Visitor: 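I'd like to ask you about the structure that follows.
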Amino acid sequence: MSKSKRTKIIDILNGDQLGSTVVVKGWVRTKRDSKNVVFIALNDGSVMRNLQIVVDNGSISEEVLASITTGASLSVTGEVIASEGKGQAVELSAQAIQVLGEADPEKYPLQPKRHSLEFLREIAHLRPRTNTFGAIYRIRHAMIFAVHQFFTNKGFLNIHTPIITASDAEGAGETFMVTNFDMEKPPKGADGQIDFNQDFFGKKTNLTVSGQLEGELAALALSDIYTFGPCFRAENSNTSRHLAEFWMIEPEMAFYDLKDTMDLAEEFVRYLVKYALQHCEEDLAFLNKRAEDEDKNKKQEDRRPMSLLESLQFVAEHDFERITYTEAIQILRNSKPNKKKRFQFLIEDWGADLQSEHERYLVEKHFKKPVIIYDYPANIKAFYMRVNEDGKTVAAMDVLFPGIGEIIGGSQREERYDQLTHKMENMGIHAADLQWYLDTRRFGTAPHSGFGLGFERFMQFITGMHNIRDVIPFPRARGSAEF
RNA sequence: UCCCCCUUAGCUCAGUUGGUUAGAGCGGCUGACUGUUAAUCAGUAGGUCCUUGGUUCGAGCCCAAGAGGGGGAGCCA
């Protein structure tokens, strides 16, 4: 059957197709039958809503009707008619039904009722067939598109940075090694150590933890670029905010200082949120209701202060709070939980790293809005961040979101060759390993900045999902690489 | 990696002080029903009580170890 003959359900529900005969294909959500008529709710993923198929008694063989069960895939030919029922404007009066794939009702795990997210995580290969995950994946696509649209509109170039790299000097965490050695007997050198000179790439390689360093190379030629690719971290972190494989968006801009970068980050996030509100209305309304229902079963203090839609609206309309690390320390030092010793880690001296309890206090209690903290102490940040005039802070910034924590990390990069090499030396990073990176500082160096947005963290905010494993189709985490 | 919690039917969960044959709702199946919306009503099948070991006359329940899952911390995006 030719593809052109098939009509997507979204076009039937939203379009003006009354009276026309169409072919629809999709999967059965529920079937309800009574003496004279059978109703089938059909979904094809093009939209949250189902198309109601109406089968008048006798028009379709008993045998075919019997094999139409929840989860079966159908091709239905019928006429689009005005619905007699109340739940929908139009429905499809079936003339012919072909069952493309049966789903044994005794074994098909999805039921026409709500499942726990934990159970759906175990059957992640089937969960796209649920309303919740259909909505999440449609929104995820819309956000991917909006990312490219935002940067394209601003004249940024998308750069594909390498996934296999020999650089692990960024210090962003444990890496996954890439090798094609026979693990039983890897070649060894005279010193008895594994000889990576004989490996596929002639050196030790790993999966990338970030495209930033390569992104800088491109920015220092093309001015404004961004990457949007997978990152891999072998950290042993088991939380609802971490994945071993996640996607990151990393813009890098020549001639931007930190202030320009914070402006861009804020504009970017607000653009994405507005795009979702405008283009994913139906899916967001569903997730909003889902979150509200979820909150009903929780204690008052565990409920979200704003509904999902309210918090999206809030971010779309309000500026983020911007404070320096030093100001943050002052606020925290004078805060109630610090004075009453409610913090597990009390804030005393300047220079301490902020714990998540502190970040949450600032975002959720003190400011009640997204917060950008900038000008961090140099010794708690990465080597490539630009040292400020005071000599003890760096031009770094983190964007903190309610409920999620750090969603963006960025900085102005150290463009001065001497300062950069000096710092690398202090941090034990070998200049020889990063000669290609240092060359940008030797030849036509320029002020530049960038940031990284964790795409799944952002998706958690947009969808209101608490566990990051529910906003990526196939989550990879410690001890788990199913499907 | 650390701390806390959980694991009983396909799913969500009850299960009293350790005591006879382990329950409910939903889902499935069978039937009824003149248009249903996660339909409704009636009936029915369905169990390695996570695994292993221990205590006991007797363990779903107590103890130990392990596995899996969830929440939090650290690290980070």
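Quick caveat: nothing in here was measured; it's all calculated off a predicted structure. These numbers come from the heavy atoms of this one structure, side chains and all, not from hydrogens, waters or symmetry mates.
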Visitor: Which value, in whole Å, describes the distance between the P atoms of nucleotides rG58(B) and rU1(B)?
Guide: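 Result for the P pair: 38 Å, nearest Å.
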Visitor: If I take atom CZ in residue Arg360(A) and atom P in nucleotide rG74(B), what distance separates them, rounded to the nearest angstrom?
Guide: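 So the CZ-P distance, Arg360(A) to rG74(B), works out to 10 Å.
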Visitor: Should the heavy atoms of other residues, nucleotides or ligands under 6.0 Å from NZ of Lys369(A) be counted, would the total exceed 12?
Guide: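 Yes, the 6.0 Å shell around NZ holds more than 12 heavy atoms from other groups.
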Visitor: Pair Glu79(A), Gln95(A) - check side-chain contact (heavy atoms from CB on, under 4.5 Å), show working.
Guide: CA-CA 8 Å; Glu79(A) 188 190 349; Gln95(A) 290 151 3; 3.7 Å; yes
Visitor: Quick one: label Phe246(A) by what it contacts on the DNA or RNA (base, sugar-phosphate, nothing), any heavy atom closer than 4.0 Å.
Guide: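 The answer is base, as Phe246(A) lies within the cut-off (heavy atoms under 4.0 Å) of a base atom.
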Visitor: Between rU36(B) and rA32(B), how far apart are the two C1' atoms, rounded to whole Å?
Guide: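 Between the two C1' atoms, the distance is 15 Å.
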Visitor: By the 4.0 Å heavy-atom rule, please label Ser116(A) as base, sugar-phosphate, or nothing.
Guide: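 Sugar-phosphate contact only - Ser116(A) comes under 4.0 Å of backbone atoms but never of a base.
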Visitor: How does RNA chain B read in dot-bracket, base by base from 5' to 3', with Watson-Crick or G-U pairs under 3.5 Å and | used when the partner is on another strand?
Guide: (((((((..((((.....[...)))).(((((.......))))).....(((((..]....))))))))))))....
Visitor: Can you build the contact string for nucleotides 23-32 of chain B? Use B for base contact, S for sugar-phosphate-only contact, and - for no protein heavy atom under 4.0 Å.
Guide: --BBSSS---
Visitor: Crowded around Glu281(A) CD? As in, over 12 foreign heavy atoms under 6.0 Å?
Guide: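 Counting other residues, nucleotides and ligands, CD of Glu281(A) stays at 12 neighbours or fewer.
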Visitor: Rounded to the Å, how far apart are His358(A) NE2 and rA73(B) C1'?
Guide: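 Going from His358(A) (NE2) to rA73(B) (C1'), I get 13 Å.
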Visitor: Without decimals, in angstroms, what is the distance between Glu294(A) CD and rG71(B) P?
Guide: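 One finds 11 Å between P of rG71(B) and CD of Glu294(A), rounded.
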Visitor: For a quick test of reading the model, state the closest non-hydrogen atom pair linking Asn50(A) to Leu13(A) and the distance between them.
Guide: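 Looking at all heavy atoms of both residues, the shortest contact is O-CD1, 3.8 Å.
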Visitor: Could you state the atom-to-atom distance from CZ of Arg457(A) to P of rA77(B) in whole Å?
Guide: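 For the pair Arg457(A) CZ and rA77(B) P, the rounded distance is 8 Å.
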Visitor: For Thr239(A), answer base if it contacts any base atom (sugar-phosphate contacts may also be present), sugar-phosphate if it contacts only those atoms, and nothing otherwise; contact means non-hydrogen atoms under 4.0 Å.
Guide: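 It contacts base atoms.
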Visitor: Using a heavy-atom cut-off of under 4.0 Å over every strand shown, decide if Ser83(A) touches base, sugar-phosphate, or nothing.
Guide: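 Base contact.
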Visitor: Scan His148(A), Glu250(A), Lys154(A) and name whichever one has a side chain to side chain donor-acceptor pair (under 3.5 Å) with Tyr226(A).
Guide: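 Going through the options one by one, the only one that passes is His148(A).
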Visitor: Any idea which heavy atoms bring Glu84(A) and Glu91(A) closest together, and the distance?
Guide: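 Heavy atoms of Glu84(A) and Glu91(A) come nearest at N-OE2, 3.9 Å.
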Visitor: Return yes if a side-chain donor-acceptor contact under 3.5 Å exists between Arg114(A) and Asn131(A), otherwise no.
Guide: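 Absent: no donor and acceptor within the cut-off.
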Visitor: Could you check whether atom CZ of Arg333(A) has more than 12 heavy atoms from other residues, nucleotides or ligands sitting under 6.0 Å from it?
Guide: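 Enclosed.
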Visitor: Whole-Å distance between rC76(B) C1' and Phe451(A) CZ?
Guide: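 My rounded result for the distance is 17 Å.
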Visitor: Hey, is the side chain of Gln344(A) pairing donor to acceptor with the base of rG72(B) inside 3.5 Å?
Guide: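 Such a pair does not exist between side chain and base.
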Visitor: Is the number of heavy atoms from other residues, nucleotides or ligands within 6.0 Å of NE2 (His125(A)) greater than 12?
Guide: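 Counting other residues, nucleotides and ligands, NE2 of His125(A) exceeds 12 neighbours.
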Visitor: Identify whether a stacking contact exists between Phe455(A) and rA77(B), where the ring centres must be under 5.5 Å apart and the planes under 30° apart.
Guide: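 Check failed, Phe455(A) does not stack on base of rA77(B).
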Visitor: Does Ser34(A) reach a base, just sugar-phosphate, or nothing at all? Heavy atoms under 4.0 Å.
Guide: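 Since a base atom lies under 4.0 Å of Ser34(A), the category is base.
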Visitor: Would you tell me if any nitrogen or oxygen in the side chain of Asn238(A) comes within less than 4.0 Å of OP1 or OP2 on rG71(B)?
Guide: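 So the side chain of Asn238(A) is outside the cut-off, no N or O lying under 4.0 Å from OP1 or OP2 of rG71(B).
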Visitor: Please state the C1' separation for the pair rG23(B) and rU16(B) - nearest whole angstrom.
Guide: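 Between the two C1' atoms, the distance is 14 Å.
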Visitor: Rounded off to whole Å, could you give me the CD-to-P distance for the Glu482(A) and rG69(B) pair?
Guide: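 Result: 9 Å.
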Visitor: Taking atom P in both rC2(B) and rG60(B), compute the distance separating them and give it to the nearest angstrom.
Guide: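 It comes out at 32 Å once rounded to the nearest Å.
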Visitor: Do any of residues 393-412 of chain A sit with a heavy atom less than 4.0 Å from RNA chain B, and if so which?
Guide: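 The answer is Glu406(A), Ile407(A), Ile408(A).
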Visitor: Look at all strands and tell whether Lys107(A) reaches a base, only sugar-phosphate, or nothing, counting heavy atoms closer than 4.0 Å.
Guide: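 Nothing, no nucleic acid heavy atom in range.
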Visitor: Tell me the interatomic distance from Arg478(A), atom CZ, to rG68(B), atom C1', rounded to whole angstroms.
Guide: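 After rounding, the gap between these two atoms is 15 Å.
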Visitor: Spell out yes or no: do the side chain of Gln88(A) and the base of rU36(B) have one donor N/O and one acceptor N/O closer than 3.5 Å?
Guide: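 Indeed, a donor on one side and an acceptor on the other fall under 3.5 Å apart.
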Visitor: Which part of the nucleic acid does Arg121(A) contact within heavy-atom distance under 4.0 Å: base, sugar-phosphate only, or nothing?
Guide: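 Sugar-phosphate, no base atom in range.
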Visitor: Considering every strand and a 4.0 Å limit on heavy-atom distances, what is the contact class for Glu91(A): base, sugar-phosphate, or nothing?
Guide: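 Base, at least one base heavy atom under 4.0 Å.
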Visitor: Could a donor-acceptor pair under 3.5 angstrom be found where the side chain of His115(A) meets the base of rC11(B)?
Guide: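 Looking at the base of rC11(B), it does not pair with any donor or acceptor on the side chain of His115(A) (distance under 3.5 Å).
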Visitor: Is the gap between the ring centers of His358(A) and Phe343(A) under 6.0 Å?
Guide: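 That pair passes the under 6.0 Å test.
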Visitor: Using side-chain heavy atoms (C-beta onward) and a distance below 4.5 Å, is Arg29(A) in contact with Thr70(A)?
Guide: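 No - every pair of side-chain heavy atoms lies 4.5 Å or more apart.
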Visitor: In this structure, how many angstroms lie between the P atom of rG71(B) and the CD atom of Glu118(A), rounded?
Guide: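 In whole Å, rG71(B) P and Glu118(A) CD are 7 Å from each other.
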Visitor: When the aromatic ring centroids of Phe151(A) and Tyr271(A) are compared, is their separation below 6.0 Å?
Guide: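 No.
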